[in-house]
Protein chains: 10
Amino acid sequence: MLTAIVMIDATPAQIPEVAVAVTAIPGVSEVYSVTGDTDLIAIVRVKDHEDLASVVADGINKIPGILRTQTNLAFRTYSPADLDQAFDLGLGD
Amino acid sequence: MLTAIVMIDATPAQIPEVAVAVTAIPGVSEVYSVTGDTDLIAIVRVKDHEDLASVVADGINKIPGILRTQTNLAFRTYSPADLDQAFDLGLGD
Amino acid sequence: MLTAIVMIDATPAQIPEVAVAVTAIPGVSEVYSVTGDTDLIAIVRVKDHEDLASVVADGINKIPGILRTQTNLAFRTYSPADLDQAFDLGLGD
Amino acid sequence: MLTAIVMIDATPAQIPEVAVAVTAIPGVSEVYSVTGDTDLIAIVRVKDHEDLASVVADGINKIPGILRTQTNLAFRTYSPADLDQAFDLGLGD
Amino acid sequence: MLTAIVMIDATPAQIPEVAVAVTAIPGVSEVYSVTGDTDLIAIVRVKDHEDLASVVADGINKIPGILRTQTNLAFRTYSPADLDQAFDLGLGD
Amino acid sequence: MLTAIVMIDATPAQIPEVAVAVTAIPGVSEVYSVTGDTDLIAIVRVKDHEDLASVVADGINKIPGILRTQTNLAFRTYSPADLDQAFDLGLGD
Amino acid sequence: MLTAIVMIDATPAQIPEVAVAVTAIPGVSEVYSVTGDTDLIAIVRVKDHEDLASVVADGINKIPGILRTQTNLAFRTYSPADLDQAFDLGLGD
Amino acid sequence: MLTAIVMIDATPAQIPEVAVAVTAIPGVSEVYSVTGDTDLIAIVRVKDHEDLASVVADGINKIPGILRTQTNLAFRTYSPADLDQAFDLGLGD
Amino acid sequence: MLTAIVMIDATPAQIPEVAVAVTAIPGVSEVYSVTGDTDLIAIVRVKDHEDLASVVADGINKIPGILRTQTNLAFRTYSPADLDQAFDLGLGD
Amino acid sequence: MLTAIVMIDATPAQIPEVAVAVTAIPGVSEVYSVTGDTDLIAIVRVKDHEDLASVVADGINKIPGILRTQTNLAFRTYSPADLDQAFDLGLGD
């Protein structure tokens, strides 16, 4: 499973509507309206790159009100569960 | 529950080690090594702001190798489940 | 009580009118026309995140003339009164 | 009374200590640890420019751990109270 | 007397006309067409902040062709005459 | 006479000392400690380019604590006096 | 043979169509839809500079939907094969 | 096969040596010394994300002299051959 | 003789036409279509500042398709011939 | 003959010395100390790319005091003489 974190800048007046439209795209697992210098952050979880292209290039980017998107693809994931497992196997030190 | 998405720039040579250290902080649910112009993205889920301050200001920021962090706090969350529910209640149109 | 400091870029010719419109939004405690590379700074004080979303996403962002907004949410507050109290309790050194 | 909103970038590991040191400077009314692309925001309220120079140039800037400061001085202030008053006087329309 | 140095970006084709319009605003003491990454620099000298707001927010910003303005307000002034005086008083070493 | 407006970024803790050192350089007519995203602005008035090079490259840039300087040279100057004169000559319309 | 790597920003909604149009230009060897803060990266391989000018200035830049292009021309190329050869000749140490 | 285009900023004096070191990493197919605002561009071709992480996070980033790297991962590839094939199948119009 | 190096950003589709128009302006000695993050670089050689203002403010900036120009004025020139001469006079060591 | 325009940022205190060192490199035809947001601009004229790499990567970049260089390579040159010739041949309209 691929995870991508997509930063979305939108026209200020259309941010809530853009958020709903992005959330409706299959492959988008959640969308946050956030503080900071980006307007929305979408978490995308898909099977492969072609799906990612459909969600981002053919999906999110086509929504009216979107000014810019920047996709950060996760190529390595760390979770507390992994760390615990590593420590159990003595790999931690 | 508060969700924050924290962008982390780290010294290139220490990125994997920083990722492990960040993941070990209570309140951090996952950390991604990502493509794009930030090095790591941490998803933080905590009870309240004071916890967020402990995780970010007293936790992540203290890790050697961290150059800059930028916290994007989610103040509104959209999920496919919410949309389905809204449509069920006829709020969708 | 949540405090957010919202940076607002507006069309130069509409800055005073935008300032008045932002000030009229419930939850906005004051707005400053400022020097520096942002046009207006609004101090927002609200009960919770949902209120913050209403003030920023459904309120400020909808005002004609607004080009970009950037919300900085305070997750820890320091005041001289707190410091005095801390020193009284001998926590200061 | 002059109001200035000072953006402060600090070495990540020293942000809490810097916040306390800034808060202790006479003229600083509150300091926030914030989300977004600045680390701290200090609200400064002083009598005149010379005081402002003392607080910023001779005070805040001298604190170890400070990387950059950017002062936004308020040259016009809008508050809900002013608007109410203006409406009472029929100036609002 | 307050001094402010205002950076002005204007539509390239209208820079000379914008310069003349800015110069005509009471409170503007001179305007320079400059090299570098800003188009015009206006030196504003006014009595107080309210005047500064009128010159910048109600004056300069309203001129057609202005894209962005950034006001740098002087809060401390150094001149050779001050230095000479300080040296005469033995404050210089 | 050439006029140049020099933006100066300096180490925060050394700004006042840098201001005094810059002011002492022959050719510098005044230096301002300013709000906004630059620390100091120096107004330089010299006879020709070689003098400008001495003041900036051999003078200002050599002062300890200076991080970056950016020189904006005025190649056309507008003043209210010029405008009045132009109007007297009927050139104004 | 000259190699150039061209960064392309396009209107989000037209990225796939722009990619196809760029790919059709003689001299373009491949185009990638990418993560990160640029939308497309085109690899151009041509005989000489005049060809490069035709591909970029007269070709890519003329495609509707293109916002900005930035051409990075390779003036020295390193490949594993070169390294192996260099090591064979004892130039490696 | 995954393709990534990695932008590399290096200490100016070490660029040639960094280029050789990057080229020696398995998975790097070529490295270019380029004009423009990045120093080197590496083309990486690997089997999967874990390999990409090893090449970038555990390989390139560990090389002395590297200041910053930015990985652009290709999630959709267009080539003239694909276009010809598409046209043959009548998909082109 | 004054030398200025003018960076020109233009609408991508009009770069060649803008280059021809700029070249036709008296005082422009050559124009380059370049790689990197600017589109054109014009070398301007004029007698004095008023001429420079005419070439840039009244000439280049008025050309349709120009988005931004940035003028870098040379205030000191170094050439191999000067160095040779300096060495001949024993000033070199 | 290849022409490249190289932007050079240097440590402020070493700009004149860096300028002399760059000028001494074979292939550099002139160096300017300039206004604006870059410190020096070098005009490089060489036979081919390998020479360009020697001048920039092995020459300029190795000079102590250089912080960053950005090479803009000319891939099409326009000069008044070309225009006159084109007009003579009736190509101008």
Asker: Check D/P80 against C/V28 and note the closest heavy-atom contact, atom names and distance.
Answerer: CG-O, 3.4 Å

Asker: What is the distance from atom OG1 of C/T38 to atom CE of D/M7, rounded to the nearest 0.5 Å?
Answerer: 7.5 Å

Asker: Given heavy-atom pairs under 4.5 angstrom as the criterion, report whether the side chain, backbone, both or neither of C/L73 touches chain D.
Answerer: both

Asker: List the atom of C/Y78, the atom of D/S33, and the distance in Å for their closest heavy-atom pair.
Answerer: CE1-CB, 4.2 Å

Asker: Tell me which of these, D/A42, D/G36, D/P16, D/A24, has more heavy-atom pairs under 4.5 Å with chain C than the rest.
Answerer: D/P16

Asker: If you round to the nearest 0.5 Å, how far is CD1 of C/I41 from CG of D/N72?
Answerer: 4.0 Å

Asker: Between D/Y32 and C/T3, is any pair of side-chain heavy atoms under 4.5 Å apart?
Answerer: yes

Asker: Give, as side chain, backbone, both or neither, the part of D/P26 having an atom under 4.5 angstrom from any heavy atom of chain C.
Answerer: neither

Asker: Would you give the length of the straight line joining atom CD1 of D/I43 to atom CD of C/E30, rounded to the nearest 0.5 angstrom?
Answerer: 7.5 Å

Asker: Relative to chain C, which segment of D/T71 carries a heavy atom at a distance below 4.5 Å: side chain, backbone, both, or neither?
Answerer: backbone

Asker: Would you say D/V31 and C/R76 make side-chain contact, with heavy atoms under 4.5 Å?
Answerer: no

